[in-house]
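Inspection log for the structure reproduced underneath, given as structure tokens.
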Amino acid sequence: ARVARGPVAVTKEPTQHKITVNGVNFTVWDTPGLYDATGDSMQCVKQMKVAIVNVHLVLFCIAIPNSRRFHDLERRTIAFLLKEFGQGFFTNCIIVLTQTNQLATSIK
């Protein structure tokens, strides 16, 4: 997956990446940020519903330098995904705090 080097998103639509590790096949979907004003959240979800059959793990990524805590954007995104995919969507969810190396002070 491409990595953004600033505030501009690089993922424009859900993109599938396949990898095999120790004989185990993985399919990872990289999606644009929902509600980030760079795209159509409903269109993104429609594409995800067509392409993604089984969800075994959800990684919910939050850029820490931008938030430091859950804000309205994250709450709206979670509510939106729950409405579209149901409670089971977050059964196996990990919250990933990204860009922590950019914090002015360390987290202890």
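All values derive from a computational prediction rather than experimental measurement.
- Interatomic distance, CD1 of I78 versus SG of C93, reported as 7.0 Å (0.5 Å rounding).
- Counting side-chain heavy-atom gaps under 4.5 Å among Ile, Leu, Val, Met, Phe, Trp and Tyr, the cluster of V21 also holds I19, V24, F26.
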Derivation and outcome, side-chain contact (heavy atoms from CB on, under 4.5 Å), residues Q87 and L82:
CA-CA 6 Å; Q87 291 288 333; L82 284 171; 4.1 Å; yes
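- With sequence neighbours left out, the ring pair (Phe, Tyr, Trp, His ring centres under 6.0 Å) criterion links F89 to F85.
- Under the side chain to side chain contact (heavy atoms under 4.5 Å, CB included) criterion, V50 pairs with no residue, sequence neighbours left out.
- Grouping Ile, Leu, Val, Met, Phe, Trp and Tyr residues whose side-chain heavy atoms lie under 4.5 Å apart, directly or via other members, places I94 in a hydrophobic cluster with L57, L59, V96.
- The distance from the CZ atom of F60 to the OG1 atom of T77 is 5.0 Å, given to the nearest 0.5 Å.
- A single hydrophobic cluster is not seen to contain both F90 and V28; linkage of ILVMFWY side chains at heavy-atom distances under 4.5 Å, directly or through other members, places them apart.
- Residues passing the side chain to side chain donor-acceptor pair (under 3.5 Å) test with K49, sequence neighbours excluded: E84.
- Partners of K18 according to the side chain to side chain contact (heavy atoms under 4.5 Å, CB included) rule, which considers only residues two or more places apart in sequence or in another chain, are Q16, T27.
- Judged purely by distance below 3.5 Å, without hydrogens or angles, the side chains of D30 and T15 never pair a donor atom with an acceptor atom.
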